[in-house]
Amino acid sequence: MGELVIETKDLNKKYRGRYAVRNLNLEIGRGEIYGFLGPNGAGKTTTIRMLLGLIRPTMGSIQIFGKDLRKEKLNILRKVGSLVEYPSNYGHLTAVQNLEAVRRILDVPKSRIDEVLSIVSLTKDAKRPVKGYSLGMKQRLGIATALLGNPELLILDEPTNGLDPEGIHEIRELIRSMPQQHGITVLVSSHLLSEVEQMAGTVGIIREGELVFQDTISNLQQQASGGFRLVVSEPVEALQLIRGQGYAGQLEDGGLKLDQLSDPEVALLVKRLVDHNHAIYRVEEKRRTLEDIFMQVIEQGGLS
Amino acid sequence: MMVGKALSSDFLKIRRKGIWFLVFLGSVGLLAMQALNFGLRYDYMIDQYKADLWKGLIGEIFSFVPIALYLGATLISSQIANVEHQNNSWKQLLALPISRASVFTAKVLLGFIAMGVACLILSAGTVVLGILLKFGTDDIPYLTILKLSFLPYLGALPMLALQLWLSLTLKNQALPITLGITAAIASMFAANYPEFIPLSWPFLSFISEAKPALPVGAGIILAFVVYMVGMGHFRGKDVN
């Protein structure tokens with residue numbers, strides 16, 4: 001994974017006796033797009049607010065760029081761009097004025113305003129008051145604002161929430177281009193796996209304040225195998241043979257249902273069946289969608 | 001300076017938010033009342049104040065200065081805070097590389113400057129009104145006219161600091177506004193209050209010419225204390 005950009009250790013946030021975030025250990029490597037997943041109310045936004053120094057952890061520590069957030073907050077925030085939940089632009093100002101208001105604090109050159117407007121394709125509408133914008137445009141302006149200070153880390157909380165499919169697509173493409181084109185590490189939260197799996201390399205899944213899964217998307221996908229289904233000429237006899245080999249299985253709709261198997265195990269089983277003169281009609285892998293796994297993780301608090 | 005950056009950003013953000021309109025309305029409103037007061041019964045008023053016409057005008061204006069200061073402090077503070085509250089932009093602003101102390105101080109300075117501009121308009125407008133009322137230009141009491149708006153302003157500073165603190169930390173502005181309006185009305189009876197009550201300071205700072213230093217000094221000190229306490233609260237607050 002290389003150098004860690006964000007590392008939290010046993011992060012906790014308690015509101016009135018109830019833990020919103022509990023013992024959270026996030027690890028986000030440089031140049032990654034990290035998908036931070038969980039149902040609404042699981043603690044995503046609370047975590048992100050802690051990462052940005054907006055709220056104080058009850059316990060635990062946050063290291064960003066290897067520095068302690070409590071001690072070097074301003075130095076860290078100088079290299080972080082953020083978009084937290086729904087847009088927070090100044091509706092009565094134009095896009096340019098919105099960016100200028102932030103630019104005066106960040107102290108970056110004025111030319112940067114035009115650059116970020118063009119990155120999010122808002123140049124054409126830059127001189128209109130933002131209150132007349134669509135939600136998608138407001139979100140894009142939010143991302144432009146986040147990019148204004150040339151951040152090394154972008155923290156986006158539900159950036160596609162409430163957008164139409166076209167808006168979702170635009171934002172997704174924008175996020176996907178960040179690591180390659182701008183060398184930016186991205187933390188993006190969402191309650192929809194389908195949205196994150198198309199851009200993230202690593203995912204963390206949070207449930208009731210606790211991180212229940214943190215690994216690469218491809219490892220998550222590998223867990224997606226839900227076993228095999230065999231359709232053979234004499235299922236009852238074949239099942240006995242399979243059980244004789246030490247594998248679990250059962251009859252199901254005229255076929256055989258087997259647990260998850262490795263490739264050599266599948267090959268061996270098929271060979272045995274053929275040796276015993278079974279005709280094999282089908283060998284199917286039952287793949288669960290990532291959405292199914294996501295639901296399983298969320299409901300059970302882990303992968304079985 | 002971080003405060004300077006935040007303040008420059010704030011000046012941009014309050015465009016078209018009605019703050020400068022309030023500043024103008026408050027100060028010119030007071031003058032317009034006296035223009036009517038003197039204009040409608042000119043001969044009577046001139047007769048009443050013939051000993052010192054300028055002093056008469058200043059006294060008439062002053063009777064409404066404390067209430068105007070309290071109302072102004074309340075409304076301007078609320079408007080300044082609403083720029084962030086209404087747009088849900090605290091989280092964006094406070095995730096920028098700027099200390100919360102600077103953000104808070106910039107907004108307090110903005111309120112301080114806006115009220116100061118209102119006082120300046122009132123002073124300048126008083127001179128203009130006096131001249132229009134044909135009081136002559138020979139012995140305009142410039143210093144007294146400056147004191148007319150700025151001494152009560154210093155006496156009212158604790159209320160401005162309190163209003164900014166409450167408005168900036170509470171999303172619901174009903175409490176600060178109710179408090180401010182109540183204080184404004186109560187300030188009309190300031191002459192009856194003992195002088196250790198802060199509500200009497202805007203009044204006493206101009207009227208008790210013998211020792212205006214007491215209410216003015218107390219106003220500045222109390223305002224600073226309220227500002228420090230408010231900033232401490234703002235710095236430690238969770239931003240949701």
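Per chain, numbering begins at 1; letters A, B, ... match sequence-line order.
- Between the CD atom of E100(A) and the CG atom of L12(B) there is a distance of 6.0 Å, given to the nearest 0.5 Å.
- For K79(A), no part sits under 4.5 Å from any heavy atom of chain B, backbone or side chain.
- Here the side chain of R56(A) pairs no donor or acceptor atom with the backbone of G236(B) at under 3.5 angstrom.
- Of all non-hydrogen atoms in Y90(A) and N87(B), the two that sit nearest each other are CD2-ND2, 3.5 Å.
- Each of L52(A), I55(A), L54(A) has some count of heavy-atom pairs under 4.5 Å with chain B, and the biggest count is that of L54(A).
- Counting non-hydrogen atoms of other residues, nucleotides and ligands closer than 6.0 Å to CZ of F224(B) gives a total of 12 or fewer.
- Atom OG1 of residue T145(A) and atom CD of residue Q92(B) lie 5.0 Å apart, to the nearest 0.5 angstrom.
- In this structure, H92(A) contributes its side chain and K13(B) its backbone to a donor-acceptor pair below 3.5 Å.
- Of the atoms belonging to T45(A), not a single heavy atom falls under 4.5 Å from chain B.
- Shortest non-hydrogen contact noted between V239(B) and R49(A) is O-NH1, 3.2 Å.
- For S99(B), the parts lying under 4.5 angstrom from a heavy atom of chain A are both the backbone and the side chain.
- Annotation: maximal heavy-atom pairing with chain A below 4.5 Å, among K5(B), E84(B), M2(B), occurs at K5(B).
- In this structure a side-chain-to-backbone donor-acceptor pair under 3.5 Å is present from S9(B) to A101(A).
- Within the 4.5 angstrom heavy-atom criterion, only side-chain atoms of K13(A), from C-beta onward, approach chain B.
- Neither the backbone nor the side chain of N75(A) comes within less than 4.5 Å of any heavy atom in chain B.
- Of the candidates L77(A), V80(A), L106(A), L74(A), L96(B) forms a side-chain contact (heavy atoms from CB on, under 4.5 Å) with just one, namely L106(A).
- Considering only heavy atoms from C-beta on, I105(A) comes within 4.5 Å of L93(B) through its side chain.
- Remark: K91(B) does not engage D157(A) in a salt bridge, criterion side-chain N to carboxylate O under 4.0 Å.
- For the options P97(B), S8(B), G4(B), heavy-atom pairs under 4.5 Å to chain A are most numerous at P97(B).
- Separation of atoms CD1 (I98(B)) and CZ (R78(A)) is listed at 10.0 Å; rounding is to 0.5 Å.
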